[in-house]
Every structure is written in C-alpha cells, then in structure tokens.
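Here is the structure we will look at.
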Amino acid sequence: MNGSEVISAAPTYLSLLSYAEQFGSPINMVPLDKNLVHDLDAMGGRITNKTGLIFVCNPNNPTGTILPAQQLRDFCSDVSSRVNVFVDEAYFEFIDQPYPSMIELVKEGKNVIVSRTFSKVYGLAGIRMGYLIARPDIAARIRKNRMSMLNIMAIQAAKAALTDEAFYKQSIAKNAEAKALIYDTLNDLKLESVPSSTNFVFFKTGRDIKKVIPAMKEYGVSVGRPFPPLTDWCRISTGKIEDVKRFNKGLRKMMT
Ligand SMILES: Cc1ncc(COP(=O)(O)O)c(C=O)c1O
C-alpha cells in the first residue's frame, strides 16, 4: 500500500482500516446511501491516482446490509483494473438468498481479495482463524505483512468446523430464529431497521447511543458501540434465544 489511500464506506468494519492507517494510509470514507447500503457510485467516484485499495464489507458491519449482487460484481470487476479491491465476507454464510461470492472474480484473475473468518457462523472467534482468497501474486505480497500466525489447535478446530454440518445448520437456523424475534419486537415498537444478512440487527432508537448503551446494560444486555454518523442507531447481536428474549424485554422497557 505504501501510504496510498483506502476508500471505504462509513460506517463499516474498522479493523482493516485501522491497520492501513498504521501503515500511513489515509482513509477516504464515503457515507452509506439512504438504505444504509454501500454507495458504490460515490466510492468509485473518489478513485484518484492516490487510491491504493477499496474496502467493501459485504454484508456490512454494523448495518448488516448487502449490495445487489450484480451491482457489486460489476463494480469490483470494473474498478479492480485500476485499484486493489478488498471484499470482507465475514458474514457471507448468513446471506439467506442465492448470492455470488466475489471469490468468483479472484478465480477470473481479477485484482480482488476476499476475506473469510471462522469467528461468525462457526462460532470460533477466540481461536483467531480466518483466511484470504487472492491471486497467488497478491497473496505472496500480503503474506509478507501478516499480522498473526496460526497455531495447530486453531487449524484442527477449523478443520473440524468445516465437517460439522449439524452445527453449521444449527448456527444458521438459530440465528434466523433470533433475528425474527428481534424484528418482531422492533416492528411492535415501530422502530426503523434495515434487513440484516448477518448475525446482528441494526435499528434506530432515535436516542443517543451513548445513553442507550448504559440503559440496556441495566437490563443485562450489551449492545454495540456508537457507529458515527449513525449515533441514534443501535446494533444488537444475536445470541442464545433466552439472551434475545432478555434484549427484547429490556428494549420494550427502555423505549416506554
Ligand atoms: C466485517 C468483519 N470482518 C472481520 C471480522 C473479524 O473476524 P476475525 O474474528 O476473524 O478477526 C469481523 C468481526 O467482528 C467483522 O465484523
């Protein structure tokens, strides 16, 4: 990257961006559109000869939104002839409709990097296991700047996770059940939200999140941090069904 600029949405997942900043890269943040989806036209419009990489988090954290598949594919295909494109697919497994991974573009030899993790659908966040899919020449360049090394226990756990179809199915099903319960409550309370393709739901309380966080703590629920500029929105992750019920009860109390 050598200090070249990164273009990303705002708000989005910040890890890669913080890492790029440590390497001296300025971040050029483009607000999400009115549906809280990446504004690809605006992001593409920001490309200059200083741009090194475009970061697309799809589904996006914290909103849970996904891009229209063909639009994303066309965008990545087009801009990757000029800049590196990084697509974070951490939540890809939770998308509940036929949806192409941008791994397809990697296979076509494009300048596209896709990341995946075992932290979400496989429930293995603590083992620190994830991977990138990229053209071999790009992978070789990235490997030199690797942030962490794998250990043998993490590799064994990941291998086991990949063969544990029952857990995978349960993870998807329980998450869908939990989200349905959350959306029921949000609809009841007439709180605006966006469709989530992840294991969390982003919704508008209309209240300052800095006040919502301690208020929900009172009911035993930790909600997400502030995501500027959407500081009157709130992110709640799914959990066990009893946890979700506790959230629903707490939210009803807080909002009335
Ligand atoms: C979009 C996104 N990418 C990556 C990660 C992190 O994955 P890992 O636990 O493998 O670092 C997260 C976790 O919150 C995330 O939301």
Side-chain angles (χ1 to χ4, degrees), residues 6-22 27 29-30 32 36-38 40 43 53-67 72 76 84-96 99 101-103 106 112-134 139 142-143 145-162 167-168 171-172 175 178-179 194-203 209 213 222-228 230 233-239 243:
V6 177
I7 296 175
S8 85
T12 194
Y13 184 64
L14 293 177
S15 247
L16 176 139
L17 305 179
S18 312
Y19 191 58
E21 270 181 325
Q22 283 177 40
I27 313 298
M29 290 191 140
V30 181
L32 297 172
L36 304 191
V37 174
H38 280 64
L40 293 183
M43 290 173 78
L53 182 136
I54 296 204
F55 175 66
V56 179
C57 186
N58 189 62
N60 189 39
N61 183 0
T63 55
T65 48
I66 47 171
L67 278 148
L72 175 63
C76 293
N84 300 296
V85 178
F86 188 111
V87 186
D88 183 330
E89 294 188 351
Y91 299 97
F92 190 82
E93 292 86 352
F94 293 114
I95 302 177
D96 62 358
Y99 197 92
S101 165
M102 290 306 113
I103 295 170
V106 176
V112 172
I113 303 154
V114 176
S115 65
R116 291 283 182 93
T117 178
F118 282 84
S119 295
K120 310 301 175 190
V121 75
Y122 298 106
L124 291 174
I127 68 164
R128 315 308 307 136
M129 177 66 139
Y131 56 98
L132 297 183
I133 300 113
I142 294 172
R143 198 168 282 126
N145 295 311
R146 223 176 340 176
M147 295 162 76
S148 61
M149 297 295 162
L150 293 176
N151 66 72
I152 198 157
M153 285 175 290
I155 294 169
Q156 290 305 330
K159 278 166 85 175
L162 287 174
F167 180 85
Y168 182 92
S171 185
I172 300 277
N175 184 54
K179 279 199 297 188
V194 277
S196 163
S197 297
T198 61
N199 59 356
F200 51 80
V201 175
F202 199 52
F203 65 99
I209 184 68
I213 292 171
S222 286
V223 299
R225 62 177 181 82
F227 294 104
L230 302 171
W233 286 67
C234 177
R235 188 191 66 190
I236 180 68
S237 294
T238 61
D243 300 333

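All ligand and atom numbering here is 1-based and tracks the order in the structure.
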Proximal ligand 1 atoms for [X], defined as those under 4.0 Å from one of its heavy atoms:
X	answer
Asp88	1 (C), 2 (C), 3 (N), 4 (C)
Ala90	1 (C), 2 (C), 3 (N), 4 (C)
Arg128	8 (P), 9 (O), 11 (O)

What residue and heavy atom of the protein are closest to [atom], and at what distance?
atom	answer
atom 6 (C) of ligand 1	Tyr13 OH, 3.2 Å
atom 14 (O) of ligand 1	Lys120 NZ, 2.7 Å
atom 10 (O) of ligand 1	Thr117 OG1, 2.6 Å

Exercise. Give me the one residue out of Val56, Ile27, Asp88 that meets side chain to side chain contact (heavy atoms under 4.5 Å, CB included) with Ser8.
Key: Ile27
Quiz item: What residue among Val6, Ile113, Ile54 forms side chain to side chain contact (heavy atoms under 4.5 Å, CB included) with Phe86?
Solution: Ile113
Quiz item: Strictly under 6.0 Å, is that where the ring centroids of Phe55 and Tyr13 end up?
Solution: no
Quiz item: Is the Trp233 ring parallel, tilted or perpendicular to the Phe202 ring (thresholds 30°, 60°)?
Solution: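 Because their plane-to-plane angle is under 30°, the rings of Trp233 and Phe202 count as parallel.
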Any atom of ligand 1 sitting under 4.0 Å from a heavy atom of [X]?
X	answer
Ser119	yes
Phe118	no
Cys57	yes

Quiz item: Does the side chain of Arg235 come under 3.5 Å of the side chain of Asn61 through a donor N or O and an acceptor N or O?
Solution: yes
Quiz prompt | side-chain hydrogen bond (donor to acceptor under 3.5 Å, both in side chains) assessment of Asn60 paired with Thr65 | solution = CA-CA 5 Å; Asn60 189 39; Thr65 48; 4.7 Å; no
Quiz item: What's the verdict on side-chain contact (heavy atoms from CB on, under 4.5 Å) for Met29 and Leu17, showing C-alpha distance, side-chain angles and the deciding distance?
Solution: CA-CA 10 Å; Met29 290 191 140; Leu17 305 179; 3.8 Å; yes
